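Below you'll find the structure, written out as structure tokens, and then a few comments.
A quick note: this is a predicted structure, and the numbers were derived from the prediction, not measured. No hydrogens, no waters, no symmetry mates; every other heavy atom, side chains included, goes into these values.
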Amino acid sequence: MEAYAVTSGPKHHFFGYYDKFPWNANSRYMIGLETEFMDRPPTAEDRAVIGLIDLEDGNRWKPLAETTAWNWQQGTMLQWVGTEPERKIIYNIRAGERFGAVVQDVESGEMRELPRPVYALSRDGRQAVTPNFARTARTRPGYGYEGPPDPWEDEPYPDEDGIYWMDVESGENRLIVSLDQVVGVCYDDNMGGTKHWFNPLQFNTDGSRFLFLHRWVVADGRRMTRMFTVDPDGRNLCCLADHEMVSHFDWRDEICILAWARRFEIGDRYFLFTDPSGEVEVIGDGVLTQDGHCSYSPDLRWVLTDTYPDKEGKRTLILFDPERERRIDIGKFYAMPDEITGEIRCDLHPRWSRDGKKVCFDSVHEGTRQIYAIDVEDIVGG
């Protein structure tokens, strides 16, 4: 069980975040980004090439388009569109003094532009939600996009900015959750005098709810985080976690969320939260001991996650069976911690194939940033 590269240098390639399928519906193609550099943050003028990896033609790279709306941690929100997951992709762009998105047919090349960028897409591909990427670029460098100004840059929690919903077919869009509204939920004195933002976001499995993190930095420099869920129309807002820290997460189904979080009475663990009741249980206690980019396999039997660099500078790739509480480490990869760190770091951000037989990840362990895959069928099929 060895990791193998599906892209190669001298140019750099990566996909981005851990919560999307790089493979299309028939598993012939993977999608990714190509860049000329990997050792600095992108500027507003730096372009990333969006391309196909043809897995049936020697992993041939086929350029499709370019974008100036991207970052190292989450790419350009590149993903296959659920309405036509064999041939249509969506990604973010900068259009003058605003950000938008493009739906593109990878076979015909036909493009359709949307008036807002996307962050999270429902699995059926019909609706999207997004925060203000210009604000995120200023509040959490490495997760937003450079370029257009933030109209509310000087406001700590504006009531005219927050999370926007968009119909992916028509482009209809509207503000559904404002920063001011969320700050007003169980307001604490440490929320005053500082900027607030939303990041990340993710739809549940049937598109009936989505999750978002509310974040701000307190006077001593600590980042505070609360986890909320809400309907796509902005109704039924629910705070599921407010014990200072929530990190990476994934919906198991339409009501349960796996998240690395803090509970004051327990500590930092992976917890399974039930929406909207707020029920909580610990997952992988004593086995999964670090924060990681977690996601459920398509059959929900396994959790894929990773770690940050250990004392040797290596990140560990992990499969975890929740039912048997069994952990299997499937690889360790050098992270180049001295050269590629901070907002330009290369987290593994592991991702499942649609059939659950393979995983892929981004890594710099061979000196350039590339996309790798591992066949895990012998493990998950057993």
Side-chain angles (χ1 to χ4, degrees), residues 3-38 42 46-94 100-114 117-121 123-125 128 168 295 298 346 348-364 366 368-375:
Y4 58 92
V6 296
T7 58
S8 59
K11 294 183 179 181
H12 305 280
H13 302 87
F14 72 108
F15 179 77
Y17 224 36
Y18 67 98
D19 57 348
K20 303 170 180 66
F21 291 118
W23 283 268
N24 73 334
N26 63 21
S27 296
R28 172 169 182 173
Y29 298 116
M30 293 175 69
I31 44 177
L33 298 176
E34 181 181 80
T35 65
E36 300 278 352
F37 64 94
M38 71 167 187
D46 283 318
R47 298 179 178 274
V49 176
I50 296 153
L52 282 180
I53 304 162
D54 190 338
L55 303 174
E56 295 182 6
D57 188 15
N59 298 335
R60 180 172 60 90
W61 174 262
K62 179 184 178 182
L64 297 174
E66 294 183 343
T67 182
T68 52
W70 65 281
N71 57 56
W72 291 118
Q73 297 309 306
Q74 299 179 326
T76 184
M77 297 303 168
L78 178 63
Q79 55 199 293
W80 297 94
V81 181
T83 50
E84 294 186 69
E86 287 193 3
R87 57 186 295 166
K88 287 192 176 178
I89 59 173
I90 192 168
Y91 54 88
N92 291 334
I93 60 167
R94 190 174 87 236
V102 165
V103 176
Q104 181 172 347
D105 188 310
V106 301
E107 295 182 8
S108 70
E110 180 183 357
M111 297 183 182
R112 178 169 58 86
E113 189 171 327
L114 293 168
V118 301
Y119 189 106
L121 201 65
R123 291 198 178 187
D124 64 8
V168 176
S295 62
C346 185
L348 297 180
H349 290 154
R351 305 162 290 261
W352 289 97
S353 63
R354 292 175 184 269
D355 60 9
K357 296 179 181 180
K358 294 181 176 65
V359 300
C360 75
F361 59 96
D362 302 331
S363 185
V364 292
E366 293 185 307
T368 59
R369 192 182 299 243
Q370 303 297 341
I371 302 172
Y372 295 81
I374 299 179
D375 189 328

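Shown here for Arg354 and Pro298, the closest heavy-atom pair between the two residues is O-CG, 3.4 Å. Nearest approach of Pro42 to Asn71, heavy atoms of both residues: CG-CA, 4.2 Å. The two atoms that bring Thr83 and Pro85 nearest to each other are C-CD, 3.7 Å, heavy atoms only. In this structure, Trp70 and Arg47 approach most closely via the heavy-atom pair NE1-C, 3.8 Å. The shortest heavy-atom contact between His13 and Gln370 is ND1-OE1, 2.8 Å. Smallest separation of non-hydrogen atoms from Thr67 and Asn92: OG1-O, 2.5 Å.
Note that NZ of Lys11 and OG1 of Thr35 are 9.5 Å apart. Values are rounded to the nearest 0.5 Å. The structure places OG of Ser295 at 8.5 Å from CZ of Phe21, a figure rounded to the nearest 0.5 Å. From Tyr18, atom OH reaches atom CH2 of Trp352 across 14.5 Å, with rounding to the nearest 0.5 Å. Put simply, CZ on Phe15 and CG on Leu78 are 5.5 Å apart, with the number rounded to the nearest 0.5 Å. Atom CG of Asn24 is separated from atom CZ of Arg87 by 11.0 Å, given to the nearest 0.5 angstrom. One finds the SG atom of Cys346 at 8.5 Å from the CD atom of Gln73 (value rounded to the nearest 0.5 Å).
In this structure, Cys360 and Met30 have side chains that are in contact, with non-hydrogen atoms separated by less than 4.5 Å. The side-chain heavy atoms of Arg28 and Glu86, taken from C-beta on, include no pair separated by under 4.5 Å. Between Phe37 and Asp46 the shortest side-chain heavy-atom distance falls below 4.5 Å.
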Worksheet entry | Chi angles and distances behind the side-chain contact (heavy atoms from CB on, under 4.5 Å) call for Leu52, Ile31 | CA-CA 5 Å; Leu52 282 180; Ile31 44 177; 3.7 Å; yes

Discussion item. What verdict does the side-chain contact (heavy atoms from CB on, under 4.5 Å) test give for Ile53 and Tyr29, after you've listed the backbone C-alpha separation in whole Å, the side-chain angles of each residue and the deciding distance to 0.1 Å?
Written reply: CA-CA 5 Å; Ile53 304 162; Tyr29 298 116; over 6 Å; no

Fill in: Worked verdict on Ile90 versus Val102 for side-chain contact (heavy atoms from CB on, under 4.5 Å)
CA-CA 6 Å; Ile90 192 168; Val102 165; over 6 Å; no

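At distances below 3.5 Å, at least one donor-acceptor pair connects side-chain atoms of Gln79 with backbone N or O atoms of Met77. Put simply, the side chain of Thr76 gets close to the backbone of Ala69: a donor and an acceptor are under 3.5 Å apart. Between the Trp80 side chain and the Lys88 main chain, no donor and acceptor come within less than 3.5 Å of each other. At least one donor-acceptor pair under 3.5 Å links the side chain of Arg351 to the backbone N or O of Gly16. Under a 3.5 Å cut-off, the side chain of Thr7 and the backbone N or O of Ile371 do form a donor-acceptor pair. When atom types are taken as modelled, the side chain of Arg112 and the backbone of Glu110 share no donor-acceptor pair closer than 3.5 angstrom.
Taking the six-membered ring for Trp and thresholds of 30 and 60 degrees, Phe361 and Tyr372 have nearly parallel ring planes, at less than 30 degrees apart. Between Phe14 and Trp72, the ring planes are tilted. Angles from 30° to 60° get that label.
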Throw together a table of side-chain donor-acceptor distances under 3.5 angstrom for residues 57-64, partners on residues two or more places apart or in other chains.
residue: Asp57; atom: OD2; partner: Arg60; partner atom: NE; Å: 2.7
residue: Trp61; atom: NE1; partner: Glu34; partner atom: OE2; Å: 3.4

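Between Asp375 and Lys357, no side-chain nitrogen of the basic residue sits less than 4.0 Å from a carboxylate oxygen of the acidic one, so the salt-bridge criterion is not met.
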